[in-house]
Amino acid sequence: MIGKIFSFIVTLSFVFSVLGGRMNELSQAVLQGAGQAVELSISMLGMMCLWSGVIKVLDGAGLTSLISKGIRPVLKYIYPAAYRKNCGIEEISANFAANLLGMGNAALPLGLSAMKKLSELDSDVGQRKINADMITFAVLNTAPFQLFPTTLIVLREAAGSIAPYEIILPIYICSSATVFFGILLCRILGYFIKTREKGRKKND
Amino acid sequence: MTDIAAYALPVIITLSGIMLAFSKKDLFSLFLSGCSDGLKTTAGILPTLIMLVVAVKMLSASGALEAICSVLSPLCVKIGIPEEVLPVVLMRPVSGSGATAMIKELFDNSGPDSAAGRIASVLMGSSDTIIYTLSLYFSHVGAKKTGYALPAAFILMIFCLFVSCFICSIF
C-alpha cells in the first residue's frame, strides 16, 4: 500500500516537474526531504520515549484496567449482541483503554482478538462471519478517542506553534462527536441492512 | 482555554511521579522499558517517514500539490474548508505516516496556528487510517466482505472533517 502511494506521488511529481520546468527544485526537495524526516524523528523522539514510559507506568499502576472497567457498562448500548452473550467485551474495553492512552501497539492485538471473539457471535447481517457488532467495532477503531495525541503535539511544537496544546480541547469535542456519530451511524446502517435482508427473505 | 490545556501534560507526569513513589511494584523499570519502546517505535517508523516526507516534498516542489489544491479549491470554498487542508484529508484514510508527512508540509507552508493548520490538527487528532485498520481487522477473522464498514468509516471521516472546521471556527 505505502509502496503504491510512494510510486504514485513520485511519478506525479516528476511529470509535473518536467512540464513546469522545476527539475532543480525537485532535486533539492529530494535532498532536503530525507534530512528533514530524520530531523522530525529526532524532534519527536524525546517526547515519544517519555510518553511511552509514562503510559507504561500508568498502565502498571492499574489505570488501563480501571478505564476498561469503567467503560464496560456503556458497551451494552454499543455492542448489544456481544454484551448479551458476554463475548469479547473484555477485549473491547481493554482496546478502548489502550486507544485512549495512545498505546497503539497494545491496542492492535487487543482489537484483533476482540474481532475474533465477535466473529464467534451469530451473524445477523446475513453475510457469513460478519455481524453488526464487528462492523461497529472496526469502524469505531478508525476514529479512536485519544487522551493525548503525542505525535501531533510534537509535530506542532517542532513547526514552531505558539500554542501546541491549544488544539487538545477542540480534539476532545470533535472526537467525542465523531464517536457518537459513528455509533449512531453503524446502528442505523445495521438496522437498515437487517430490515432489507428480512424483506428479501420474505420475497424468496 | 489554553491555560487549562497546558495543565494536561504536567498533571499526567506528576501523577505518574506520585505513582512511582507509592506503588509497591517496580514502576521505574516499567518506565524505562516504556521509554525504550518509544525509541523502537520512532526508529521503526523512520524509514517509512523518510520515503513519504521525500515524496511529499517532491510533490510540493514540483507544483503538483499546488495544482491539486487549485483544482479542488472551488469545491472547498463551496463547503467551507481551507484548500490547504485537502492534501491531509486525502492522505489521512490511506496512510498514517503519509498524513504525518502531509501535515508537516502544511505546517511548513501555512504554519501550525493558521486556520488550515488548526483544522488539520483537529482532524488528525480525532481520526485514524481507515484502509489499514479495516483491512487488518477483517482479514484477521478471515472475512472477505466488510459489509457497510468501509462506507461507514468514510462517512465518519467526512463528518469528522466538518466538525473540525466548525469547532476551529468557534475556538
Side-chain angles (χ1 to χ4, degrees), chain A residues 2 5-6 9-10 12-13 16-17 20 22 25-26 29-30 33-34 36-37 41 45 48-49 52-54 56-58 60-61 112 115-116 119 125 127 129-130 135 138-139 141-144 149 152 156 159 161-163 165-171 173-175 177-178 181-182 185-186 189, chain B residues 1-2 5-6 8 13 16 19 23 25 27 30-31 34-35 37-39 42 46 48-51 53-55 57-59 61-64 94-95 98 104 107 112-113 118 121-122 124-128 130 133-134 137 140-141 143 145 147-149 152-153 155-156 159-160 163-164 167 171:
Chain A
I2 291 175
I5 298 169
F6 180 76
I9 294 180
V10 169
L12 190 72
S13 311
F16 264 82
S17 291
R22 290 206 194 178
E25 285 92 330
L26 191 69
V30 175
Q36 282 188 8
S41 285
L45 189 60
M48 291 297 270
C49 287
S52 308
V54 166
K56 204 139 191 186
V57 169
L58 296 180
L112 292 179
M115 233 15 213
K116 201 108 208 169
S119 72
V125 179
Q127 285 151 326
K129 279 193 160 182
I130 291 187
I135 295 180
V139 169
N141 255 287
T142 67
L152 180 68
R156 287 175 62 83
S161 167
I162 44 164
Y165 302 105
E166 200 207 359
I167 39 89
I168 285 192
L169 192 65
I171 286 179
I173 300 171
C174 179
S175 207
T178 308
F181 182 73
L185 183 72
C186 286
L189 284 175
Chain B
M1 210 48 83
T2 340
I13 302 282
S16 63
M19 282 173 177
S23 173
K25 287 188 210 162
L27 287 182
L30 268 183
F31 178 73
C35 273
D37 283 353
L39 189 66
T42 315
L46 182 61
T48 323
L49 204 59
I50 290 178
M51 300 310 275
V53 169
V54 167
K57 283 278 163 203
M58 284 171 76
L59 196 67
S62 67
V94 191
S95 156
K104 177 186 158 35
F107 285 169
D113 298 312
R118 285 154 45 95
S121 299
V122 175
M124 192 82 174
S126 34
S127 61
D128 206 339
I130 293 176
T133 309
L134 289 187
Y137 274 39
H140 183 70
V141 293
K145 288 179 181 169
Y148 50 87
I155 294 172
L156 198 60
F159 174 82
C160 183
V163 174
S164 41
I167 288 173
F171 280 94

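Each chain gets a letter, A, B and so on, in the order the sequences are listed, and its residues count up from 1.
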* **Closest-packed option against chain B by number of heavy-atom pairs under 4.5 Å, given Ser17(A), Ser52(A), Pro144(A), Ser13(A)** => Ser13(A)
* Asked: Between Ser95(B) and Ile5(A), what is the shortest heavy-atom contact and its length?
  -> CB-CD1, 3.8 Å
* When only pairs under 4.5 Å are counted, which of Pro112(B), Ala152(B), Ala61(B) shares the most heavy-atom pairs with chain A? -> Pro112(B)
* More than 12 heavy atoms of other groups within 6.0 Å of Met19(B) CE -> yes
* Interchain contact, Leu189(A) with chain B, by part (heavy-atom threshold 4.5 Å) -> both
* Structure fact -> Counting heavy-atom pairs under 4.5 angstrom with chain B, the leader among Gly60(A), Pro170(A), Ala61(A), Cys174(A) is Cys174(A)
* **Toward chain A, the part of Phe159(B) with a non-hydrogen atom under 4.5 Å** => side chain
* Asked: Is there a side-chain contact between Tyr148(B) and Val139(A) (heavy atoms, below 4.5 Å)?
  -> no
* Structure fact -> Nearest heavy-atom approach of Leu45(A) to Leu39(B) is CD1-CD1, 3.5 Å
* Structure fact -> Heavy atoms of Leu152(A) and Ser121(B) approach each other most closely as CD2-O, 3.1 Å
* Asked: Looking at side-chain heavy atoms only, is the closest gap between Leu12(A) and Met58(B) below 4.5 Å?
  -> no
* For Thr133(B), is it the side chain, the backbone, both or neither that has a heavy atom under 4.5 Å from a heavy atom of chain A? -> side chain
* Asked: Between Lys104(B), Met51(B), Lys57(B), His140(B), which residue shows the highest count of heavy-atom pairs closer than 4.5 Å to chain A?
  -> His140(B)
* Who among Val30(A), Leu112(A), Thr178(A) has the most heavy-atom pairs with chain B under 4.5 Å? -> Leu112(A)
* With respect to chain B, which residue among Asn141(A), Leu185(A), Ile162(A) yields the maximal number of heavy-atom pairs within a distance under 4.5 Å? -> Asn141(A)
* Search all heavy atoms of Ala55(B) against all heavy atoms of Phe6(A) and return the closest pair with its distance. => CB-CD1, 3.8 Å
* **Between Ala29(A), Gly53(A), Ala159(A), the one whose heavy-atom pairs under 4.5 Å with chain B are most numerous** => Gly53(A)
* Asked: When only pairs under 4.5 Å are counted, which of Ser126(B), Gly38(B), Ser164(B) shares the most heavy-atom pairs with chain A?
  -> Ser126(B)
* **Option in Asp37(B), Leu46(B), Thr48(B) with maximal non-hydrogen atom pairs under 4.5 Å from chain A** => Leu46(B)
* Minimum heavy-atom separation for Ser41(A) to Thr42(B), with atom names? -> O-CG2, 3.8 Å
* Side chain, backbone, both or neither: which part of Ile167(B) has a heavy atom under 4.5 Å from chain A? -> side chain
* Evaluate the side-chain proximity of Ile13(B) to Val54(A): yes if any heavy-atom separation is below 4.5 Å, no if none is. => yes
* Which atom of Asp113(B) lies closest to which atom of Ser161(A), heavy atoms considered -> OD1-OG, 2.8 Å
